[in-house]
There are 2 protein chains.
Amino acid sequence: MAHSSTIHESLTAVFQVRRYPRDIAAGHAPADRAEGMLLRCPPDQRTELAVLLWERALDPQKGTWSLPGGRLGDDEDLDASARRQLAEKVDVRELSHLEQLSVFSAPDRVPSPRRIASAYLGLVPLTADPQLPPDTAWHPVSALPDMSFDHRTVVDHARTRLAAKLSYTNIAFALAPDRFTMSTLREIYCAALGYDVDTTNLQRVLSRRKVITPTGATAAPGRAGGRPAAVYRFTDSGLRVTDEFAALRPPGPS
Amino acid sequence: MAHSSTIHESLTAVFQVRRYPRDIAAGHAPADRAEGMLLRCPPDQRTELAVLLWERALDPQKGTWSLPGGRLGDDEDLDASARRQLAEKVDVRELSHLEQLSVFSAPDRVPSPRRIASAYLGLVPLTADPQLPPDTAWHPVSALPDMSFDHRTVVDHARTRLAAKLSYTNIAFALAPDRFTMSTLREIYCAALGYDVDTTNLQRVLSRRKVITPTGATAAPGRAGGRPAAVYRFTDSGLRVTDEFAALRPPGPS
DNA sequence: CCAAAAGTGTTACGATTACACCCATGG
DNA sequence: CCATGGGTGTAATCGTAACACTTTTGG
């Protein structure tokens with residue numbers, strides 16, 4: 001079998017939870033339904049999950065939006081390559097999590113020469129506000145632009161993976177600031193999951209699993225008043241599985 | 001940056017649950033502890049998860065055992081390639097499930113030229129008994145031989161993934177025969193998970209989730225007597241997620 | 001003193017485990 | 001008629017969702 005030259009590239013869906021001003025006086029009505037799901041967070045802003053994209057200035061597919069990524073170098077592995085490519089778009093220090101998703105290898109996924117893409121999920125904390133190159137921007141996942149090649153599929157995979165891991169790991173540490181109140185954490189979960197979660201129960205679940213730890217400090221209330229909120233932090237700074245078994249647990253210590 | 005030639009290969013850990021005769025009269029005592037976990041299935045055989053390996057006849061690493069796999073062709077994607085490579089070892093029709101795990105891309109994972117490996121998990125049902133080439137054999141995961149390069153890591157990943165998916169998907173369909181009794185299914189789960197599961201509860205969990213369906217038929221009891229067992233089948237023949245959320249479920253229909 | 005935000009307590013429910021008990025068959 | 005495997009019933013447990021209620025603050 002003949003083998004022509006093949007390029008290997010990384011392709012990363014970088015997510016951040018971002019607060020957008022609610023466009024009250026905009027042209028369209030306050031139609032904020034977006035699939036009937038609305039987050040009742042602060043009244044004048046909505047919090048949404050966003051992806052980092054750059055716009056192609058040249059053909060092929062000029063004008064469509066692409067995920068950051070690029071060609072694998074000779075003396076790096078894919079993780080390092082993804083980090084290196086990302087450094088051109090966001091400060092690498094801001095990247096709090098990076099994990100492999102899957103490989104896209106259809107021979108005709110892009111015009112030749114053939115490119116095999118390893119897809120990644122990357123996360124950036126709420127508080128980070130990296131400088132972006134002029135061709136690059138955050139796009140809310142609820143309103144994605146025309147995307148290049150199979151990049152839309154990568155984003156969908158990444159969202160699914162993130163939502164799943166929010167449920168059984170401490171992965172939210174990579175989306176949250178160092179210190180936070182439960183309301184902030186709730187906003188993050190709502191945005192990343194795409195549905196409402198109850199603050200009370202969130203606190204209880206994460207506390208019992210020792211995913212979060214109270215710092216003892218409290219945050220001053222906003223100008224509307226209200227009781228000061230307790231400040232928490234994530235117990236671990238690395239990914240940890242917290243609820244391994246959905247069912248069929250190993251037998252107890254009988 | 002210069003780019004020298006890089007090969008892309010697939011690498012598949014194919015698992016099958018297999019029954020081994022219990023070596024009573026063997027040289028060593030009936031020491032069947034294997035980490036304290038023993039399956040109390042049929043008294044004269046033990047049921048174990050096994051991987052398909054072939055022995056390298058040439059250097060590098062002559063004599064070590066490798067996972068089946070090989071170089072990606074120009075006009076196939078990785079899934080097709082893995083299937084094609086496997087056809088040399090087992091009949092492809094026997095392969096009931098194939099899924100991507102992750103990519104191994106360390107520049108020095110094998111001697112040059114560089115090879116990037118996409119790891120796969122493959123499954124073969126209990127009943128299949130494929131003809132194997134002379135250099136190829138099933139190895140119980142509890143007693144793996146010296147393995148080539150990073151192939152041991154692939155096997156470990158694959159086992160972990162399999163165990164996790166047994167808990168929240170219907171993936172056992174790929175390990176079980178078309179029709180089976182609950183005892184057989186229990187054997188399969190025990191072997192694949194590495195710990196005991198209760199037949200009663202297994203039946204209930206899988207029934208409520210509609211993973212298995214009773215066929216109405218019953219199986220004749222063995223020579224020791226006993227009540228005839230009901231025969232079941234898997235409801236779906238493709239992979240299906242049956243218990244998506246470990247916690248943080250979406251709000252109910254309130 | 002009232003509204004707003006945060007935290008606590010309580011109940012209900014669903015899923016799962018563990019285990020005792022009843023059924024059918026071969027010797 | 002009894003040992004052996006198979007199936008059913010049930011109580012105890014655990015984790016979570018839902019929601020009402022109390023606490024603390026600013027205006």
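Residue numbering restarts at 1 for every chain, and letters A, B, ... go by the order of the sequence lines.
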ask   = With respect to the side chain of B:Ala230, which nucleotide from C:dA15, D:dT16, D:dG7 is positioned closest?
value = D:dG7
inquiry  = Taking B:Val14's backbone N and O only, do any of them form a donor-acceptor pair with B:Thr12's side chain (distance below 3.5 Å, no angle check)?
reply    = no
key: Minimum-distance nucleotide (side-chain atoms of A:Pro221 versus D:dT25, D:dG6, D:dT16)   = D:dT25
query = Taking N and O atoms by type only, does the side chain of A:Arg204 place a donor or acceptor under 3.5 Å from a partner on the base of C:dG9?
reply = yes
ask   = Among D:dA17, D:dT25, C:dT16, which is the nearest nucleotide to the side chain of B:Asp243?
value = C:dT16
key: B:Pro251 side-chain proximity, nearest of C:dA6, D:dA18, C:dT16   = D:dA18
task = Round to the nearest Å and state the distance from B:Phe245 atom CZ to D:dA17 atom C1'.
result = 14 Å
query = Under 4.0 Å: is that the gap between some side-chain N or O of A:Arg249 and OP1 or OP2 of D:dG15?
reply = no
query = Base, sugar-phosphate, or nothing for A:Ala220, non-hydrogen atoms under 4.0 angstrom?
reply = nothing
task = Provide, to the nearest angstrom, the distance between the CG atom belonging to B:Asp198 and the P atom belonging to D:dT8.
result = 14 Å
Using residues 212-220 of chain A as the side-chain source, report each donor-acceptor pair under 3.5 Å to any protein atom, sequence neighbours left out, with the distance given to one decimal.
from     : atom 1 : to       : atom 2 : distance (Å)
A:Thr213 : OG1    : A:Thr235 : OG1    : 2.7
A:Thr215 : OG1    : A:Ala217 : N      : 3.2
A:Thr215 : OG1    : A:Val231 : O      : 2.9

ask   = How long is the line joining CG of B:Leu202 and C1' of C:dC19, in whole Å?
value = 17 Å
task = Run through B:Leu49, B:Leu52, B:Val51 and flag the one making a side chain to side chain contact (heavy atoms under 4.5 Å, CB included) with B:Trp138.
result = B:Leu52
ask   = Is B:Asp79 paired with B:Arg83 through a side-chain N to carboxylate O contact shorter than 4.0 Å?
value = no
query = Does D:dG15 have OP1 or OP2 sitting under 4.0 Å from an N or O in the side chain of A:Arg209?
reply = no
query = Under 3.5 Å, is there a donor-acceptor pair between the side chain of B:Gln100 and the main chain of A:Val103?
reply = yes
note = Between A:Gly222 and B:Gln203, whichever has its closest DNA chain D nucleotide further toward 5' is B:Gln203
key: Residue closer to the 5' end of DNA chain D, A:Thr200 versus B:Ala247 (nearest nucleotide)   = B:Ala247
message = Expressed as a whole number of angstroms, how long is the span from A:Asn201:CG to C:dT11:P?
response = 16 Å
query = Angle class for the B:Phe180/B:Phe234 ring planes (parallel below 30°, perpendicular above 60°, tilted otherwise)?
reply = tilted
ask   = Nearest of C:dA6, D:dC19, C:dA4 to any side-chain atom of A:Ala229?
value = C:dA6
message = Using the side-chain heavy atoms of A:Pro228, tell me which of these nucleotides is nearest: D:dT25, D:dG7, D:dT8.
response = D:dT25
ask   = CE of A:Met182 versus C1' of C:dG7: gap in Å, rounded?
value = 11 Å
query = Is the A:Trp65 ring parallel, tilted or perpendicular to the A:His139 ring (thresholds 30°, 60°)?
reply = perpendicular
request  = Could you state the atom-to-atom distance from CZ of A:Arg208 to C1' of D:dT16 in whole Å?
outcome  = 8 Å
query = Looking only at side-chain N and O atoms, does A:Ser183 come under 4.0 Å of OP1 or OP2 in C:dA6?
reply = yes
ask   = Over how many whole Å does the gap from B:Tyr195 atom OH to C:dT16 atom P extend?
value = 13 Å
message = Let's see if you can work this out: which of D:dT24, C:dT17, D:dA17 has an atom nearest to the side-chain heavy atoms of A:Arg227?
response = D:dT24
Atom-pair distance (CG on B:Leu248; C1' on D:dG15), nearest Å = 12 Å
request  = Name every residue in residues 164-172 of chain B that has at least one heavy atom under 4.0 Å from any atom of DNA chain C, in order of residue number, or write none if there are no such residues.
outcome  = none
query = Are B:Lys165 and B:Leu239 close enough that some pair of their side-chain heavy atoms sits under 4.5 Å apart?
reply = yes
